[in-house]
Structures are given as structure tokens and as C-alpha cells.
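The first residue in the sequence is number 1, and the count goes up from there. Atoms within a ligand are numbered from 1 in the order they appear, just like the ligands themselves.
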Amino acid sequence: MNKELLLDVDNLVTRFYTEEGVVRAVDGNSFDLYTAETVGIVGESGSGKTVTMLSVMGLIENPGRIESGTILYKNEDLLKKSDKEMRKLRGDEIGMVFQDSLSSLNPTYTIGGQISRVMKFHTNLSQKERRKRTVEILDSVGIPEPEKRAKNYPHEFSGGMRQRALIAMAISCNPSILILDEPTTALDVTIEAQIFELVEDLKADFGMGTILITHDLAVVANSCKRVAIMYAGRIVEKSDIYDLYDNPLHPYTRGLLNSIPDLNSEGKTKLPSIPGEVPDLIKLPDGCNFNPRCKYAEDKCFIDDPELEEKNQGRSVACLRVDEIE
Ligand SMILES: Nc1ncnc2c1ncn2[C@@H]1O[C@H](COP(=O)(O)OP(=O)(O)OP(=O)(O)O)[C@@H](O)[C@H]1O
Ligand SMILES: [Mg+2]
């Protein structure tokens, strides 16, 4: 399969104009995604991961605004599309499983009914065809006895099964891109592993490009080839996953990786805590956003704002002292 550029996001800036001030949720980020790959986005709570993806999906609402940047999907600028075009694109071309969506399944419709409704909006399939396709898609996400299960209500599904159903819904119209926003936080490790196996299969079978947002570094190590580390609204490091583990460049990434016990351990490896907290995105510090927590920070780090710069192929970092620290 030829690698095709699916998504090319350049210099994306998304802000929220709240009464307390301007929240710089996404502050000039660039990343891309090719067919049949999974890109990971990792960062602490409040670093702008979800807002980044909601921007791509055209789902930023008042008081939020995409200020600048481009979002190209297969070379088409999504920021120039109408609401109607974006509604069609969501589901048709880009499927997303939203954060905390386990609870968002409608309890009053059957699982099959909910998947069928998505297809009703996005395809010309007849009701009979939709019913057939629903069973197929439930089968493809590993739901046993799909014909019977399609008639179940969400409460009759376990957490892992509901997550599979949500993925089924997101991929029911064969999107080119699947965005998963912390898809397994509520699930135990065994079910989590099964969900990621499923995503691997879908990627191999359909060439889907996947963006995986997570707090869990072990998940990234297992499923992603490339990863972007976000801090306070910015991507501070982009790297191939092996290089990142081998030699993290940004002090924040170093901090994250330093305290991981064992990547192959069975337990969930949540982001380890680095002393201090993510700054208020309304009142960002002068200079580098990470300076209040950075043990390497010196005078210039409190004055100049580091840009994400390419160090070598596929490897970028935003740190003024990257060449000086060992
Ligand atoms: N509707 C909104 N109005 C105002 N601020 C918002 C809104 N939505 C998000 N934000 C702010 O944007 C910033 C980034 O939030 P976002 O949800 O993207 O973080 P995240 O990295 O996904 O965190 P988490 O890991 O907890 O999901 C936060 O400071 C958040 O408070
Ligand atoms: Mg989020």
C-alpha cells in the first residue's frame, strides 16, 4: 500500500475567549498523518490534546475560535469548508471516538440502531442494507454473535464491548482517519490490549490512519510509530517512538520518561508526575512555557520563546538549551 498523506496540520492556533481571559489552548501546532499509521499525542491534562482534535473535526464552538493555521485533509483545506460539508466529512472521512464517550451511547436505542442511524445520515444504503452492514461491522470489531448483540441496549454491553461498539460506529462509513481520544482509560488492561489489537487490525485491513490521544506511555510504545508530546498548548517534541525512548530531547519528555517503571509491566503506566503543574493557559509565563518546572532553565529561557525546530529527520524539539544539556 502506498503511503498517502491524509492530514497535514500547519501552525494551528485555537483560543477560547472566556470572561477570565484568552485561553491559548492550541498555540501554533503542526503535525501530519499518513495512511496505515498510528500517531500518538501525549501530554498532561489540560495540554490541549482534545482541543487540537476538535479543531480538526470542525467542532470548536463559542467562545472558542480557530485563529489561524491550515488543516489539510487529502489536500483540501478543512477551514474553508461549510458546516454542512464538515458534518458530512465527520463520519464519512474522519471518525472520532470522543473522550468519555462510553457514557455517551444513547441508552434508549439498541447498539445496532445507533450504528444504523450513523449510516442513514452518511450513506444511501437502504434500511435492510444498513442492518446487514451493522452486523458485519459489529463482527469486524470482534463482537460475538453480532446479529443478536445488535439488538442489545448499551447497558447490556460490558465496558469493553461498548468501546468496541463506539469504534464500530466511528468506522461504519469507512473513514480514512480514526481519532481515538483516550479510548481505554476506563477499561482494564486486558480489554485495553484487545482494543488496541483491534485498532491494529483495522489499520492493516483498511489502511486507516489513526491518531491516538493518551496519557499512557506504554500504550504509545505499543501502538504508535510516531509521537507528539504536548505541553501547555504546544507540541514540544515530535519523534519516532524508538528515538524518543532512546534519547528524549525536551526536558519535559525526559521528565516523563525518567519515572516510568517498566514499559513491559502489566500495569497501566500513567503519566508520571513531574513536580509543579501545567501553567494556566490564560497567563502563560514569559519565555518558555515549561520554565517554571524545568531544572535546566537559565536566564534566556525566561525571556525567549522556543520554537519547534527540526533536529534531524523526523525529530523536532522546542527547547532553547537542547544542545547544551546532557
Ligand atoms: N469550551 C471551552 N471554553 C474554555 N476553555 C476551554 C474549553 N474547552 C477547553 N478549554 C481549555 O483548553 C485547554 C486545553 O483543554 P483540552 O481539553 O484540549 O486538554 P486535554 O489535553 O485534552 O486534557 P485531558 O487530558 O484532561 O483531556 C484547557 O485549559 C481547557 O480548560
Ligand atoms: Mg482531553
Tell me which protein heavy atom sits closest to [atom], plus the residue, atom name and distance to 0.1 Å.
atom                    : value
atom 1 (N) of ligand 1  : F16 CE2, 3.5 Å
atom 13 (C) of ligand 1 : L281 CD1, 3.6 Å
atom 27 (O) of ligand 1 : Q99 NE2, 2.7 Å
atom 17 (O) of ligand 1 : T50 CB, 3.7 Å
atom 11 (C) of ligand 1 : V23 CG1, 3.9 Å
atom 21 (O) of ligand 1 : K49 NZ, 2.8 Å

May I ask you to list the atoms of ligand 1 that are less than 4.0 angstrom from any heavy atom of [X]?
X    : value
E182 : 25 (O)
T18  : 4 (C)
H215 : 25 (O)
A25  : 12 (O), 13 (C)
G46  : 14 (C), 19 (O), 20 (P), 21 (O), 23 (O), 24 (P), 26 (O)

**Q.** Pick from A232, G48, S45: the one approaching atom 14 (C) of ligand 1 most closely through a non-hydrogen atom
**A.** G48

Q) Mind checking whether Y252 and F290 have parallel, tilted or perpendicular rings, split at 30° and 60°? A) perpendicular

Q. What is the ring orientation for H155 with Y153, classed by angle as parallel under 30°, tilted 30 to 60°, or perpendicular over 60°?
A. parallel

Q. Closer than 4.0 angstrom: is that true for some heavy atom of G64 and an atom of ligand 1?
A. no

Q. Is the shortest distance from a heavy atom of E61 to ligand 1 less than 4.0 Å?
A. no

With distance as the sole test, does [X] use its side chain to make a donor-acceptor pair with the main-chain N or O of [Y] at under 3.5 Å?
X    : Y    : answer
R293 : G276 : yes
T52  : G48  : yes
H215 : V42  : no
S30  : N11  : yes

Q: Decide whether a cation-pi geometry holds between R65 and F16; the criteria are a distance under 6.0 Å from NZ or CZ to the six-membered ring centre and an angle within 45° of the ring axis.
A: no

Q) Just checking, R254 and Y296: is the charged tip under 6.0 Å from the six-membered ring centre and within 45° of the axis? A) yes

Q: Considering only NZ, NE, NH1 and NH2 on the basic side and carboxylate oxygens on the acidic side, decide whether E298 and R321 come within less than 4.0 Å.
A: yes

Q | the Mg ion (ligand 2) to nearest N/O/S of Q99 below 2.8 Å | A | yes

Q. What residue among T253, D240, V227, L257 forms side-chain contact (heavy atoms from CB on, under 4.5 Å) with Y245?
A. L257

Q) Would you say atom 30 (C) of ligand 1 has a protein heavy atom nearer than 4.0 Å? A) no

Q. So which bit of V51 gets within less than 4.0 Å of ligand 1, heavy atoms only: side chain, backbone, both or neither?
A. both

Q.
If you compare all heavy atoms of N289 against all heavy atoms of P279, which two are closest, and at what distance to 0.1 Å?
A. O-CG, 3.9 Å

